[in-house]
There are 2 protein chains.
Amino acid sequence: MFTEERHQQILSYLNKYHRASVPELSQTFQVSESTIRRDLSELEQKEKLRRTHGGAVCLDFVRMEPTVKEKQTTNLSEKERIAKTASEWIKEKETILLDSGTTTLQLAKQLHSLNLTIVTNSVSVLTELQDAQNIELLSTGGTVRPQIGAMVGPYAEGFIRRIKVDKLFLGMNGVDGRNGLSTPNVLEAQMKKEMISAANKVILLCDHSKIGKITLHQVASLSEIDMIITDKSAPLSFLEDCEQLGIDVITV
Amino acid sequence: MFTEERHQQILSYLNKYHRASVPELSQTFQVSESTIRRDLSELEQKEKLRRTHGGAVCLDFVRMEPTVKEKQTTNLSEKERIAKTASEWIKEKETILLDSGTTTLQLAKQLHSLNLTIVTNSVSVLTELQDAQNIELLSTGGTVRPQIGAMVGPYAEGFIRRIKVDKLFLGMNGVDGRNGLSTPNVLEAQMKKEMISAANKVILLCDHSKIGKITLHQVASLSEIDMIITDKSAPLSFLEDCEQLGIDVITV
DNA sequence: ATCAAAATGAGCATAGTCAATCATTTCCAA
DNA sequence: TTGGAAATGATTGACTATGCTCATTTTGAT
């Protein structure tokens, strides 16, 4: 393969996966890592990609990544860690239901290279995963809630009622030992209820800031959750309540 | 074999294999590598191929690279003008169905400040308009087609069947006077059919590059269209055909 | 904050490739 | 035939691509 060809292919690869590591490319094209590094340097010179430590990313992906909104996201690093841990519980070929929200979006970012069927009511997740090669991506449809980008309402619920998934990764505004799960919007509350019914296993992703909060509409009681992934700042008493209910608790 | 003949054969060879090395060609045509290099230099001069270190690659192959982003920018200015004109036909409070595609995405960008109900099967349009203040945004849901970001399949069709909209803005891969409207993907074709049925008024947005093209699956005949907005490079004969059918034709 | 592992880029040696040059061969018209 | 232009092949010094080593930087985990 000629150098030029390899350069083209590296760009296609990046277009597909948005990112590529040096060892990954080295193996793919059967050349040394040095060569790949040289390739990446040259392509960066030509502004065809953006070099990162360990690899490179696609240019539009870079532009897309740090949106204003995302920068404003609170507790981003906790959410990232929670998402990373959550991704370790996903096996190839599974069918996953992804709720809307910033934490589940972080989870979506981890899933690009897996072979999965993903159902979601989040516009951001759709955008994030629409070009992932091995993912069969399904959208619930419905009314789009501004700002949040969640699809809700009767159409969305109707979609969910017709499916069954292996695992649901659920976000939530309020999580409380006594009051269970709650959210401020009635349509979202209803939607989350349906999602819980559609899943064999319900995994709740929430950073510590959500714990102890009670918001307007109750979605479910704690006992309907199978696993909860949160950060180490979560109050111990709450975590004990969860374990008492037989919920798997993971803190990261 | 004459020099000219060899040149022709080198080009055929490239057409077949997209690439060729100097030793490979040298052996194939039983001439020295020097000669091949001379041949390749001349052919590059005439822009018949692209020289690389060690050989040459077919030009089309090099051009094969146009990234998703570049595709979006093909005829961008035409698309923008078409979109702008299309937006002038939209009145406040109307219910609009927006097909997926780059031209309809340009249209979506024009609609931020209007008070509308918009239904779409395009992930890009959802992202574009999710934060628009006065827009009630509805998503069809369904299976997401990679690259294109169109939601299709039975669920998407089911959604469309249950609604009626004032106007549909439709994109299309192929538009031909005789053959009507066509698209390469069967699911998209089906989806577009349903959308046409759901609309009181069907407005086709297409730049001149789509006209005269026929692709695999027929979506509808021209007569099902109420209005077509295209650019001034559209062939006159086609525009006359449209007017004969009573279609409003606008060229920008 | 600190440390070990991973990644990097510079330098260098090697193999393969290149363009320039020149001698030889082929072709064609006078 | 013969002269000259064009095409070809061989040679060679320069250039390019690659892989390897090693000192330095970056990263991530504690």
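First the proteins, then the strands, lettered A, B, ... as listed; each starts at 1. Computed over heavy atoms, backbone and side chain alike; hydrogens, waters and symmetry mates excluded. What you are looking at is a predicted structure, and each value in this text was computed from that prediction instead of being measured.
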Per-nucleotide protein contact string for nucleotides 23-30 of chain D (B base, S sugar-phosphate only, - none; heavy atom under 4.0 Å): ---SS---
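- Residues that satisfy the ring pair (Phe, Tyr, Trp, His ring centres under 6.0 Å) test with Phe29(A), not counting sequence neighbours, are absent from this structure.
- Environment of NZ in Lys164(A): crowded, with over 12 heavy atoms of neighbouring residues, nucleotides or ligands closer than 6.0 Å.
- Side chain to side chain, His112(A) and Glu128(A) meet the donor-acceptor criterion of an N or O pair below 3.5 Å.
- Within a 6.0 Å radius of CD in Glu47(A), other residues, nucleotides and ligands contribute 12 heavy atoms or fewer.
- Around CD of Glu243(A), the count of heavy atoms belonging to other residues, nucleotides or ligands within 6.0 Å exceeds 12.
- Per the geometry, CD belonging to Glu5(B) stands 14 Å off P belonging to dA7(D), to the nearest Å.
- Using a 4.0 Å cut-off between a side-chain N of Lys or Arg and a carboxylate O of Asp or Glu, Lys192(A) and Asp99(A) qualify as a salt bridge.
- Residue contacts shown for Thr52(A) are limited to sugar-phosphate atoms, with no base heavy atom under 4.0 Å away.
- Look at Arg50(B) and Glu44(B) and you find no salt bridge, because none of the NZ, NE, NH1 or NH2 atoms lies under 4.0 Å from a carboxylate O.
- The local environment of CD in Glu92(A) is crowded, with over 12 non-hydrogen atoms from other residues, nucleotides or ligands closer than 6.0 Å.
- Here Lys167(A) pairs with Glu94(A) under the side-chain hydrogen bond (donor to acceptor under 3.5 Å, both in side chains) rule; sequence neighbours left out.
- Leu40(B) has its CG atom 12 Å from the C1' atom of dC18(C), to the nearest Å.
- The terminal axes of the helix from dA1(C)-dT30(D) to dA30(C)-dT1(D), fitted over 5 pairs per end, subtend an angle of 40° to the nearest 10°.
- Under a 4.0 Å N-O distance rule, the pair Asp39(B)/Arg6(B) qualifies as a salt bridge.
- A salt bridge links Arg37(B) to Glu33(B): one of the charged nitrogens lies within less than 4.0 Å of a carboxylate oxygen.
- In this structure, His7(A) atom NE2 and dT18(D) atom P are separated by 7 Å, rounded to whole Å.
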Sequence-aligned protein contact record of nucleotides 19-25 of chain C, with B where the base is within under 4.0 Å of a protein heavy atom and S where only the sugar-phosphate is: --B----
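- Between Asp231(A) and Arg81(A) there is no salt bridge, since no side-chain N of the basic residue sits under 4.0 Å from a carboxylate O of the acidic one.
- Taking only side-chain nitrogens and oxygens, Arg6(B) never comes nearer than 4.0 Å to OP1 or OP2 of dA7(D).
- Within the structure, a side-chain polar atom (N or O) of Thr3(A) is placed less than 4.0 Å from OP1 or OP2 of dT18(D).
- Within a 6.0 Å radius of CZ in Arg178(A), other residues, nucleotides and ligands contribute 12 heavy atoms or fewer.
- Computed from coordinates, the Glu42(A) CD to dT16(D) C1' distance equals 10 Å when rounded to whole Å.
- Contacts with DNA chain D (heavy atom under 4.0 Å) in residues 22-33 of chain A: Val31(A), Ser32(A), listed by number.
- In this structure, Arg162(A) is not positioned above the aromatic face of Tyr155(B) in the sense of NZ or CZ being under 6.0 Å from the six-membered ring centre and within 45° of the axis.
- In terms of position along DNA chain D, the nucleotide closest to Phe2(B) lies nearer the 5' end than the nucleotide closest to the other residue of the pair Phe2(B) and Phe2(A).
- If you take CD of Glu4(A) and P of dT18(D), they are 11 Å apart, rounded to a whole angstrom.
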